[in-house]
Amino acid sequence: MPPMEDLSQVLRIRREKLEALAERGIEPFAYNYDATHRTVAVAASFEAAESEGRLSEDGDGEAVWLGGRIVSWRGHGKSAFAHLEDGDGSIQIYFKKDVLGDESFADLDLIDLGDWIGVQGQPFRTRTGEITVRAESYTLLTKSLRPLPFGKVETDAETGERTVHSGFSDQETRYRQRYADLAVHPEVREVFRTRSRIVSALRSFFDSEGFLEVETPVLQPLYGGASAKPFVTTHHALDQTMYLRIADELYLKRLIVGGLDRVYEIAKDFRNEGLSRVHNPEFTMLEWYQAFADYRDQMDMVERMLLHVLDSVIGSRTVTYGEHEITFEPPFQRLSLMGGLSDALGIDVHEMGESELRAKAEELKVPDLDGAGRGKLIDKLFGELVEPDLIQPVFVIDHPKELSPLAKPHREDPRVTERFELYIASAELLNAFSELNDPIDQRQRFEAQAALLAAGDDEAQQVDEDYIRALEYGMPPTGGVGMGVDRLVMMLTNQTSIRDVILFPILRDEE
RNA sequence: GACCCGGUAGCUCAGCUGGCAGAGCAACGGACUUUUAAUCCGUAGGUCGUGGGUUCGAGACCCACCCGGGUCACCA
């Protein structure tokens with residue numbers, strides 16, 4: 001701790017209050033507090049008592065014990081109003097000198113915004129009608145030594161709309177000090193509560209469908225299952241290079257080989273790439289694999305899964321996302337990638353050679369075409385011409401083979417694979433295919449990837465001999481899906497930056 | 001990684017063409033026993049992101065760097 005004289009004024013004054021508390025024999029950091037109620041429950045039980053005529057002659061409810069953080073304060077000389085906030089909400093507290101006694105009331109001088117206190121008293125309605133606990137006693141639970149950046153909150157009496165004045169808005173500080181962001185922004189806490197409920201709903205869905213939740217390695221001797229650059233590290237005792245997983249796909253399919261025929265994993269994946277509104281290098285992926293299913297079955301599964309989440313967490317099948325109203329009503333539209341692009345170009349893409357595609361892409365000024373092959377050019381053109389219009393949920397299906405080294409060839413058209421991606425609000429939410437289970441074909445696809453890797457494509461995959469060995473034992477027909485959980489949370493909580501749905505998003509080291 | 005914008009009191013921000021570092025909120029002292037962005041009077045609070053440079057003089061201008069936000073690109 002820096003010496004007192006080096007602290008800024010606001011920090012120094014709180015330290016001085018700590019000393020004053022010691023002089024008055026008040027413990028600033030308590031061990032526990034036996035609360036009988038949470039804030040929201042106090043209001044609910046008061047209202048119930050009120051409507052059933054169980055209030056006292058003075059209009060008081062039954063005594064309650066509450067713990068929480070002081071988030072606002074309005075002193076009036078011999079009385080004061082404050083709001084006490086807990087995990088559920090907040091309630092107003094009325095401190096009155098002739099109720100508390102001179103000494104206890106005087107000790108309130110040492111209480112600040114941000115302090116945690118326990119309060120005991122009876123609820124009543126103030127003249128303006130707000131349910132308020134009249135403090136008969138209070139206990140300091142934790143002294144706050146650093147002021148939280150509370151804004152002043154104005155609540156419109158008619159609409160209930162909340163306006164925050166002089167709040168805490170510096171994005172950098174909010175991400176770096178998420179604890180402070182959460183402490184002063186109930187709406188941020190609500191986003192993360194919703195995130196938690198979404199993840200629970202996903203688990204309950206797959207559990208009820210007979211899937212087994214499993215855990216596969218984060219540290220892998222080879223990485224694969226996606227096109228991405230990995231994080232590299234070293235295991236010292238084994239003197240071995242390890243990669244943080246970019247996907248759990250290849251491990252989950254090994255489990256299908258082993259007879260665990262319905263598995264899912266909610267996993268942190270790591271990709272050594274740039275940051276953006278929709279990318280954090282560490283992100284949460286849900287993958288599931290189901291034996292005997294193909295990609296058509298999985299489209300049905302995706303629809304049912306999303307409806308389960310919407311119905312149980314959001315309570316509506318329509319959500320607002322930015323400027324759009326997104327409606328999840330199955331069956332979602334299915335759009336063939338090649339067909340959609342052909343329509344946009346007015347030419348059958350299957351008939352176009354690589355040079356023709358490149359010319360078209362250059363004509364449209366699509367950036368970063370260096371080294372792009374036929375598949376990548378198609379992908380780029382699709383991204384440029386079709387993706388921006390994919391607002392409502394759409395399954396984009398049947399991708400070119402070059403782009404899909406782990407997908408089965410399409411049973412009716414060998415030029416494409418049995419694959420789909422679900423697009424919502426122009427963003428890719430999930431990716432799925434009928435899993436390639438022919439080990440000889442898989443080896444050829446890996447070798448093509450390895451050639452790309454050798455040629456300098458640092459996002460291409462390596463040959464995974466162990467995975468091929470597993471396929472040689474025999475993997476039943478399998479449908480698999482990978483979904484970006486963070487992105488789903490974004491869409492369902494109307495957050496336009498992935499950082500706003502990740503508690504501690506990656507940031508450059510401070511100093 | 002490229003481009004654009006930003007970093008000034010605990011927080012939110014102003015600071016013009018280079019001329020004494022400002023406001024609101026929070027804090028501190030005082031008044032106020034049903035307020036709710038409480039109100040009123042007063043006080044204190046600064047490494048102007050960092051390091052160089054130009055200048056009689058730099059928060060401002062120039063250079064480099066650090067950090068963030070946004071946009072683009074790769075990926076979910």
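Side chains are part of it too, since the values below use all heavy atoms of this structure and drop only hydrogens, waters and symmetry mates. Bear in mind that the values here come from a model prediction, so they are computed numbers and not experimental data.
- Within the nucleic acid shown, A:Arg277 comes within 4.0 Å of sugar-phosphate atoms alone, with no base atom in reach, counting heavy atoms only.
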Per-pair distances, 0.1 Å, donor-acceptor, side chain in residues 303-310 of chain A, under 3.5 Å, sequence neighbours excluded:
unit_1, atom_1, unit_2, atom_2, d
A:Glu303, OE2, A:Phe332, N, 2.8
A:Arg304, NH1, A:Glu209, OE1, 3.4
A:Arg304, NH1, A:Glu209, OE2, 2.6
A:His308, NE2, A:Ala201, O, 3.3
A:His308, NE2, A:Ser204, OG, 3.1

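- A:Asp86 meets the side chain to side chain contact (heavy atoms under 4.5 Å, CB included) test with A:Arg38, A:Thr39, A:Asp88; sequence neighbours excluded.
- Donor-acceptor pairing under 3.5 Å, judged by distance alone, is present between the side chain of A:Gln92 and the base of B:U35.
- Base pairing annotation: B:G10 forms a Watson-Crick or G-U wobble pair with B:C25, both donor-acceptor distances under 3.5 Å.
- A:Glu421 comes within 4.0 angstrom of no nucleic acid atom, judged by non-hydrogen atoms across all strands.
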List, one per line, each side-chain donor-acceptor pair under 3.5 Å for residues 68-84 of chain A, sequence neighbours excluded.
unit_1, atom_1, unit_2, atom_2, d
A:Arg69, NE, A:Gly114, O, 3.4
A:Ser72, OG, A:His83, N, 3.3
A:Ser72, OG, A:His83, ND1, 3.3
A:Arg74, NH2, A:Gln92, OE1, 2.7
A:His83, NE2, A:Glu130, OE2, 2.7

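- Nearest to the side-chain atoms of A:Asp98 among the listed nucleotides B:U33, B:C67, B:A27 stands B:U33.
- A:Leu145 comes within 4.0 angstrom of nothing in the nucleic acid, heavy atoms only.
- A salt bridge links A:Asp112 to A:Lys143: at least one charged side-chain nitrogen sits closer than 4.0 Å to a carboxylate oxygen.
- Distance from the side chain of A:Arg127 is smallest for B:U35 among the nucleotides B:A37, B:A73, B:U35.
- Under the Watson-Crick or G-U wobble criterion, with both distances below 3.5 Å, B:A73 is left unpaired in every strand shown.
- Residue A:Ser79 has its side chain nearest to B:U33 when only B:C28, B:G68, B:U33 are considered.
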Contacts under 3.5 Å, N or O only, protein and nucleotides 9-11 of chain B:
unit_1, atom_1, unit_2, atom_2, d
B:C11, O2', A:Gly167, O, 2.2

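- Taking only distance into account, the side chain of A:Arg74 meets the base of B:U35 through a donor-acceptor pair shorter than 3.5 Å.
- Here B:G68 is the nucleotide among B:U33, B:A27, B:G68 with the atom lying nearest to any side-chain atom of A:Glu172.
- When rounded to the nearest whole Å, the span between NE2 of A:His76 and C1' of B:U39 equals 8 Å.
- Rounded to a whole Å, the CZ atom of A:Arg146 is 17 Å from the P atom of B:A27.
- With sequence neighbours excluded, the residues forming a side-chain hydrogen bond (donor to acceptor under 3.5 Å, both in side chains) with A:Ser276 are A:His279, listed by chain and number.
- With distances taken from any side-chain atom of A:Glu154 to the nucleotides B:A37, B:A73, B:U35, the minimum falls on B:A37.
- Heavy atoms of A:Leu507 sit under 4.0 angstrom from primed sugar atoms or phosphate atoms, though from no base atom.
- Of the N and O atoms on the side chains of A:Tyr223 and A:Asp269, not one donor lies less than 3.5 Å from an acceptor on the other residue.
- Within 4.0 Å (heavy atoms only), A:Asn280 reaches at least one base atom of the nucleic acid.
- One can place CZ of A:Phe124 at 10 Å from C1' of B:U35, the figure rounded to the nearest angstrom.
- In this structure, B:G57 makes no Watson-Crick or G-U wobble pair, since no nucleotide meets both defining distances under 3.5 angstrom.
- Of all nucleotides present, none satisfies the Watson-Crick or G-U wobble test against B:A38 with each distance under 3.5 Å.
- Here, B:C72 and B:G57 have their C1' atoms 42 Å apart, quoted to the whole Å.
- By the ring-ring contact (aromatic ring centres under 6.0 Å, His included) test, A:Phe420 is found to be paired with A:Phe395, residues two or more places apart in sequence or in another chain being considered.
- With respect to A:Glu421 and A:Arg419, a salt bridge is recorded, a charged nitrogen being found less than 4.0 Å from a carboxylate O.
- If you check B:U47 for Watson-Crick or wobble pairing at under 3.5 angstrom, you find it has no partner at all.
- The side chain of A:Lys17 has B:A27 as its nearest neighbour among B:A37, B:A27, B:U33.
- Using a 4.0 Å heavy-atom criterion, one finds that A:Gly75 contacts the bases of the nucleic acid, with or without backbone contacts as well.
- Nucleic acid contact class of A:Glu428 (heavy atoms, under 4.0 Å, all strands): sugar-phosphate only.
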